[in-house]
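All remarks here apply to the structure that follows.
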Amino acid sequence: MFVRKKHLLVGIMMASFSLTPTTTQAGVFDGCFGGGSPGAISAEKLQARALKRAQEMGICYEAAICLARSERTLNRQQAASLLETIRSGRATEGTNYTRAYRQAMNLDDASRSQTALSLDTISESGFLNFQEMRETNPFVHTAYVQVASDGEVYLYNANNMEMDLALSKNTTGLPERAGRANRYRLNSSTVDSLNTWLSDTGTQFHYTPASEVPDNLLRPLAEPTR
């Protein structure tokens with residue numbers, strides 16, 4: 001989305017790094033779901049785990065869930081259940097951002113919607129779900145955010161070229177890769193670029209700490225609001 005002609009040349013370059021085909025659910029499971037205990041790890045360790053499993057990382061939300069599993073902020077069953085909230089409802093609801101997925105991520109709580117990112121609000125690794133503020137206000141993209149063991153914060157983005165372009169605006173060279181996601185260290189410059197993109201495109205986001213997801217997955221699905 002949001003393709004602009006002035007970015008065409010750069011977009012072609014970034015496409016080879018950012019756009020990936022959808023993989024099967026089994027592929028995601030086989031590649032990302034190893035054992036181990038949770039805890040903050042370095043960006044390099046997460047990168048090493050993800051690089052070994054690049055072929056199993058699918059489109060944006062699959063890549064984000066796979067990264068959460070690789071960082072071990074979600075375990076095997078939790079990650080599988082989160083993917084199932086999408087798979088089980090998208091045929092009838094016509095979207096990957098199903099009611100069950102939105103409930104797992106607390107996306108229907110309008111008070112949690114943000115128009116600009118502040119690093120002060122990122123307390124732990126988790127998910128960023130992006131929402132276009134138009135017509136039905138659809139959710140359109142998911143990214144993963146890591147709070148590393150050294151306190152640095154990183155955003156991992158797959159399959160959104162325009163966001164890649166925004167995050168790369170004031171940097172040199174290509175972004176680091178973590179599997180099939182691009183990795184960006186969030187500092188004042190990259191945050192400013194991201195917030196400008198959010199404003200220019202009329203996009204908001206919800207930040208969901210990964211620690212909230214397991215309990216949300218256990219809740220009965222709420223009735224749809226009328």
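All residue numbers refer to positions in the sequence shown, counting from 1. Just so you know, these numbers use all the heavy atoms, side chains as well, and skip hydrogens, waters and symmetry mates.
Contact annotation: the side chain of N96 never approaches that of Y101 to less than 4.5 Å [non-hydrogen atoms, C-beta and beyond]. Between P175 and R183, the closest side-chain pair of non-hydrogen atoms is not below 4.5 Å. Between L46 and Y156 the shortest side-chain heavy-atom distance falls below 4.5 Å. Looking only at side-chain heavy atoms (C-beta outward), V213 and M105 come within less than 4.5 Å of each other. Inter-residue side-chain proximity for M133 and T203 is flagged as unmet; no heavy-atom pair is nearer than 4.5 Å. In this structure, the side chains of E176 and Q47 come closer than 4.5 Å at one or more pairs of heavy atoms. Here the side chains of I41 and R49 are in contact, with some heavy-atom distance below 4.5 Å. Within the 4.5 Å cutoff, side-chain heavy atoms of R72 are placed close to those of R69.
Taking OG from S88 and CZ from R99, the interatomic distance works out to 10.0 Å, rounded to the nearest 0.5 Å. For the atom pair Y207 OH and S118 OG, the distance stands at 11.5 Å (nearest 0.5 Å). How far OG1 of T85 is from CG of L217: 7.0 Å, rounded to the nearest 0.5 Å. The line from CD1 of I65 to OG of S81 is 10.5 Å long, rounded to the nearest 0.5 Å. To the nearest 0.5 Å, atom CG of residue L82 and atom CG of residue N216 are 10.0 Å apart.
One hydrophobic cluster, built from ILVMFWY side chains closer than 4.5 Å, cannot hold both L51 and M57; they sit in different ones. Linking Ile, Leu, Val, Met, Phe, Trp and Tyr whenever their side-chain heavy atoms come within less than 4.5 Å leaves L221 and L107 in two separate clusters.
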- Item | Working for side chain to side chain donor-acceptor pair (under 3.5 Å), residues Y61 and N129 | CA-CA 9 Å; Y61 60 84; N129 286 280; over 6 Å; no

- Task: Please lay out, stage by stage, how N187 and S189 fare under the test side chain to side chain donor-acceptor pair (under 3.5 Å).
- Result: CA-CA 5 Å; N187 53 31; S189 178; 4.6 Å; no

- Task: List the steps, then state whether side chain to side chain donor-acceptor pair (under 3.5 Å) holds for S125 with Q146.
- Result: CA-CA 4 Å; S125 297; Q146 179 196 17; 5.6 Å; no

- Message: With side chain to side chain contact (heavy atoms under 4.5 Å, CB included) as the criterion, how do I86 and E84 come out once you've worked through the C-alpha distance, each side chain's angles and the decisive distance to 0.1 Å?
- Response: CA-CA 5 Å; I86 299 169; E84 182 62 20; over 6 Å; no

- Message: As a quick check of understanding, evaluate side chain to side chain contact (heavy atoms under 4.5 Å, CB included) for L155 and L128, giving each step before the final call.
- Response: CA-CA 9 Å; L155 188 151; L128 301 179; 3.7 Å; yes

- Would Y154 and L186 count as a side chain to side chain contact (heavy atoms under 4.5 Å, CB included) if you check the C-alpha gap in whole Å, the side-chain angles of each, and the deciding distance to 0.1 Å? CA-CA 5 Å; Y154 296 87; L186 292 180; over 6 Å; no

- Check the pair N157 / N182 against side chain to side chain donor-acceptor pair (under 3.5 Å), numbers first and verdict last. CA-CA 5 Å; N157 179 54; N182 293 324; over 6 Å; no

- Message: Would T201 and E132 count as a side chain to side chain contact (heavy atoms under 4.5 Å, CB included) here? Give the steps.
- Response: CA-CA 8 Å; T201 58; E132 291 182 351; over 6 Å; no

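Ring centers of F130 and H206: at least 6.0 Å apart, outside the cut-off.
Taking both residues in full, the closest heavy atoms of T98 and G89 are given as CG2-C, 3.6 Å, listed atom of the first, atom of the second, then distance. Minimum interatomic distance between L198 and A116 (heavy atoms only, all atoms of both residues): CD1-CA, 4.3 Å. Closest approach of C60 and A158 over heavy atoms only: CB-O, 3.4 Å. A pairwise comparison of heavy atoms in A63 and G58 identifies CB-O, 3.8 Å as the closest pair. Pairing each heavy atom of Q78 with each of N75, the nearest pair is N-OD1, 2.8 Å. The two residues E71 and V147 have their closest heavy-atom pair at OE2-O, 4.1 Å.
Counting only distance, with no hydrogens or angles, the side chain of S149 and the backbone of A40 share no donor-acceptor pair below 3.5 Å. In this structure, the side chain of Q103 engages the main chain of A222 through a donor-acceptor pair within 3.5 Å. Of the possible donor and acceptor atoms, one in the side chain of E62 sits under 3.5 Å from a partner among the backbone N and O of I59. Here the side chain of S199 pairs no donor or acceptor atom with the backbone of T196 at under 3.5 angstrom. In this structure, S113 contributes its side chain and A110 its backbone to no donor-acceptor pair below 3.5 Å. Of the possible polar contacts, none joining the D192 side chain to the N195 backbone as a donor-acceptor pair under 3.5 Å is found. S168 places no side-chain N or O within donor-acceptor distance of the main-chain N or O of L165, the cut-off being under 3.5 Å.
Checked by atom type, the side-chain pair E124/S211 shows a donor-acceptor distance below 3.5 Å.
The residues E212 and R112 are annotated as salt-bridged, a charged nitrogen and a carboxylate oxygen being separated by less than 4.0 angstrom.
Residue pairs meeting the salt bridge (Lys or Arg N to Asp or Glu O under 4.0 Å) criterion with at least one member in residues 139-157, sequence neighbours excluded, are E152-R185.
Atom CD of Q77 sits in a sparse spot, with 12 or fewer heavy atoms from other residues, nucleotides or ligands closer than 6.0 Å.
For the ring-ring contact (aromatic ring centres under 6.0 Å, His included) test, residues two or more places apart in sequence or in another chain that qualify with Y144 are F127. Under the rule for a side chain to side chain donor-acceptor pair (under 3.5 Å), the partners of Y97 that lie at least two apart in sequence or sit in another chain are T142.
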